[in-house]
Protein chains: 4
Amino acid sequence: MPKLGMEEIRKDQVIKATERCIVEKGYSNMSVKDISAMAKVSTGIIYHYFKNKEDLLLQVLKESFRKSHEQVMETVEPLRTFDEKLMKHIENINRVPVDNPDFYAVMLNFLGQTINNPEINGIIAKFFGNLRSYISQYIQDGIEVGRLQPEKAKHLSALTVALGMGIGMQWIVDPESFDIVDIEESYKEMIESYILLKE
Amino acid sequence: MPKLGMEEIRKDQVIKATERCIVEKGYSNMSVKDISAMAKVSTGIIYHYFKNKEDLLLQVLKESFRKSHEQVMETVEPLRTFDEKLMKHIENINRVPVDNPDFYAVMLNFLGQTINNPEINGIIAKFFGNLRSYISQYIQDGIEVGRLQPEKAKHLSALTVALGMGIGMQWIVDPESFDIVDIEESYKEMIESYILLKE
Amino acid sequence: MPKLGMEEIRKDQVIKATERCIVEKGYSNMSVKDISAMAKVSTGIIYHYFKNKEDLLLQVLKESFRKSHEQVMETVEPLRTFDEKLMKHIENINRVPVDNPDFYAVMLNFLGQTINNPEINGIIAKFFGNLRSYISQYIQDGIEVGRLQPEKAKHLSALTVALGMGIGMQWIVDPESFDIVDIEESYKEMIESYILLKE
Amino acid sequence: MPKLGMEEIRKDQVIKATERCIVEKGYSNMSVKDISAMAKVSTGIIYHYFKNKEDLLLQVLKESFRKSHEQVMETVEPLRTFDEKLMKHIENINRVPVDNPDFYAVMLNFLGQTINNPEINGIIAKFFGNLRSYISQYIQDGIEVGRLQPEKAKHLSALTVALGMGIGMQWIVDPESFDIVDIEESYKEMIESYILLKE
DNA sequence: TATGAATGAGGATTCATTCAT
DNA sequence: GATGAATGAATCCTCATTCAT
């Protein structure tokens with residue numbers, strides 16, 4: 001077993017274990033010992049690779065957002081037209097709770113810290129900002145090709161993200177309340193009816 | 001100072017103090033001692049009136065939702081037509097983050113516990129359910145008077161709530177990202193364009 | 001309901017409740033609140049009639065021994081001959097665990113405090129001393145009527161009490177280990193064979 | 001000071017300290033902090049090696065019985081004849097209160113918990129059962145070599161243990177009441193007169 | 001007499017973090 | 001690099017006792 005170059009392996013191992021702990025026990029009920037047990041390492045190792053628990057948690061959040069972003073890019077970028085991209089993005093957002101419920105669990109847990117932890121708040125703010133800015137780009141494209149009303153552009157990105165997040169949250173809290181696959185159509189329709197795509 | 005019949009006074013005092021603690025310190029960084037200091041009572045009194053910290057927290061959440069619901073009812077109920085009601089409801093939802101940021105702080109903190117705490121989850125699920133069901137009633141009314149397309153009704157309540165919550169969350173996390181008073185118009189327009197109100 | 005002369009009624013009520021608490025929860029797991037709940041009075045009442053918890057407990061122990069002693073006297077005193085008395089006394093001692101298991105529960109609980117609580121130790125010592133001294137009297141009588149060997153008298157009372165207590169304790173701890181009614185015969189035989197009763 | 005492989009050392013250290021605390025302060029007046037101070041370790045270490053206070057106490061009881069049993073075996077086993085063994089066993093039991101008063105202090109404290117703590121009850125029941133079963137074996141041997149009346153065997157072990165325990169308890173509670181070295185002779189005589197050893 | 005509200009010290013237990021090995 | 005023993009402050013909670021009513 002290599003002793004050198006373990007850094008990446010160990011960090012990854014610990015971050016993944018922390019994620020699982022958040023999902024299984026929750027942000028506020030999870031000790032460093034729990035994490036080390038889940039990762040099958042000693043507690044000492046954690047402090048060897050991370051400054052402290054808070055540092056580790058921040059890295060977990062960053063990694064979680066990084067992966068989520070990566071996933072979105074992979075599916076959306078290859079598409080050509082702005083409306084394909086927008087609709088794909090909506091699909092992506094809408095399906096997170098089903099496809100990757102752990103992401104939601106992690107995000108909700110961190111969201112609870114946003115009020116009192118500026119660092120976490122900053123990371124989440126940046127993530128939301130990114131989501132909006134991708135959508136803004138598609139919209140810009142749509143305006144440029146003359147198929148979108150410029151006056152609707154201003155809040156569209158925030159509204160699109162809002163719908164996705166709001167649907168996801170309601171569904172995570174109560175999956176019986178509606179069918180999340182079913183609602184996707186309405187989600188798209190609502191956006192479309194608002195921006196009045198011109199043929 | 002009276003010694004008898006203090007129950008309601010003390011419970012209220014402690015619940016309010018707990019709310020303040022959640023807002024100022026956060027759900028997971030707040031000790032019973034913090035609460036008792038905030039409420040200017042002894043820790044013992046908290047256990048005299050609440051079974052334990054969890055019980056207290058649940059009551060804080062319930063109380064928070066109760067007040068929020070009350071507030072909504074007061075402004076929406078007096079209105080006559082379904083579209084006035086719906087739009088007022090939207091306004092209400094949209095303004096919570098500005099008018100009552102503490103409510104958002106509390107809710108976000110509890111939302112973070114929803115994954116791992118079935119009791120909290122139940123209370124939040126019920127609250128979201130209530131929000132949707134009020135909207136559903138306005139919509140029913142709208143369909144009955146022939147001014148609303150029935151086929152849009154199915155997900156409208158969830159979508160309306162989603163927009164409100166999603167806007168609020170983004171704004172709480174980053175108030176610089178958009179003007180929340182400004183976005184209200186777009187919020188309403190999006191709903192209206194979807195349901196195609198007939199004159 | 002009389003307000004004057006409540007002292008005896010209340011004291012008795014509280015002492016009985018305390019006894020029940022000791023039996024049901026154990027000496028060291030029982031709070032003043034438990035006692036007041038069991039007695040259906042307020043905690044304040046307890047401090048009105050007893051100096052403090054320790055005082056109350058001492059009175060419970062005394063009362064327990066007083067009742068036990070009373071019971072013994074009632075059945076033994078009417079008898080005539082010393083050997084009838086001795087055997088009846090043995091029967092009495094032997095049957096306490098079955099007839100009055102609460103007494104054993106209470107005594108065992110207090111016995112556990114004897115090492116570290118001189119006051120409790122004193123009361124128990126006196127109780128054991130009493131038991132021995134009654135037996136010594138019967139034996140004196142036996143010697144005087146010439147039916148008992150004087151040289152066996154010295155330790156007989158302690159040995160008789162020892163057998164009774166030792167049997168009781170083993171049986172309380174494990175009632176399956178022997179039949180306590182059955183062992184009485186052997187208990188008596190052992191005493192008889194030792195003192196060689198002359199016809 | 002070594003950092004690895006401390007488990008046995010620490011456990012022993014803590015168990016011994018707990019024993020001392022029970023003797024000096026009593027089962028119900030002794031805090032984990034007292035124990036940790038007595039053992040000269042931090043409170044944390046106690047929870048590192050024992051599940052909780054109750055677990056620790058159970059191990060103390062077990063250890064106490066284990067040592068006592070060991071001691072008995074060492075002195076009794078080398079002996080040849082059943083009556084030598086029986087008498088030695090009686091001597092051993094009788095001398096515990098003098099030779100090892102801590103054992104009695106510990107046992108009495110735990111005995112007080114037997115009514116309300118099934119686990120403690122089980123351990124004590126087993127210990128008493130062991131004591132009886134050793135004696136039963138000597139008796140069997142005596143019957144087989146024809147020097148003991150079989151009909152007396154049934155309760156003899158319980159009666160022998162009863163005498164020993166009963167004497168010890170009375171003496172612990174009031175050492176002035178009789179001379180425990182002196183009573184040993186009578187203890188033995190009582191057993192001998194009962195079983196009528198044939199030459 | 002009687003109540004039960006109120007106190008706060010003290011209880012068991014957990015936990016982030018350090019450090020000798 | 002890696003371990004897990006060790007710490008002790010901080011957590012939640014209980015409880016004997018007091019006292020205004």
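Numbered from 1 within each chain, the chains take letters A, B, ... in sequence-line order.
You'll find that the side chain of D:Ser42 is closest to F:dG8, out of F:dA5, E:dA2, F:dG8. Side-chain proximity of A:Val32 to the nucleotides E:dA16, E:dA5, F:dA2 is greatest for E:dA16. You'll find that the side chain of C:Asn52 is closest to F:dT17, out of E:dA6, F:dT3, F:dT17.
Ion pairing of C:Lys62 with C:Glu119 is absent here, as no side-chain N (NZ or NE/NH1/NH2) approaches a carboxylate O to less than 4.0 Å. Ion pairing of B:Lys67 with B:Glu63 is absent here, as no side-chain N (NZ or NE/NH1/NH2) approaches a carboxylate O to less than 4.0 Å.
Rounding to whole angstrom units, NZ of residue C:Lys53 and P of F:dT14 are separated by 14 Å. Going from atom NZ of B:Lys11 over to atom P of E:dA6 covers 13 Å, rounded to whole Å. Atom-to-atom, NE2 of D:His48 to P of E:dA16 comes out at 15 Å; the value is rounded to the nearest Å. When rounded to the nearest whole Å, the span between CD of C:Glu7 and P of E:dT1 equals 7 Å. The distance from atom CD1 of D:Ile45 to atom P of E:dC19 is 15 Å, rounded to the nearest whole Å. If you take CD of A:Gln13 and P of F:dA2, they are 9 Å apart, rounded to a whole angstrom. Computed from coordinates, the A:Lys51 NZ to E:dA16 C1' distance equals 14 Å when rounded to whole Å. To the nearest angstrom, P of E:dA16 lies 10 Å from CD1 of A:Ile46.
Nucleic acid contact class of B:Thr43 (heavy atoms, under 4.0 Å, all strands): base. Backbone-only contact: D:Ser31 has heavy atoms under 4.0 Å from sugar-phosphate atoms and none from a base.
For C:Lys33 and F:dC15, the shortest distance from a side-chain N or O to OP1 or OP2 is not below 4.0 Å. Contact between the side-chain N/O atoms of C:Arg10 and the OP1/OP2 oxygens of E:dT1 is not found at any separation under 4.0 Å. Contact check, B:Tyr47 against F:dC13: a side-chain N or O comes under 4.0 Å of OP1 or OP2.
Residues A:Gly44 and D:Asp34 both approach DNA chain E. Their nearest nucleotides, taken by heavy-atom distance, put D:Asp34 toward the 5′ side. If you find the closest nucleotide of DNA chain E to D:Glu54 and to B:Lys40, the one lying nearer the 5' end belongs to B:Lys40.
The base-pairing partner of E:dT21, taking Watson-Crick or G-U wobble contacts with both distances under 3.5 Å, is F:dA2. Nucleotide E:dG11 has F:dC12 as its partner under the Watson-Crick or G-U criteria, with both atom distances under 3.5 Å.
Residue D:Leu56 holds its CG atom at 5.0 Å from CZ of D:Phe50, rounded to the nearest 0.5 Å. Taken from CD1 in A:Ile35 to CE in A:Met30, the straight-line distance is 4.5 Å, to the nearest 0.5 Å.
Between C:Phe127 and C:Phe65, the ring-plane angle classifies as parallel under the 30° and 60° cut-offs.
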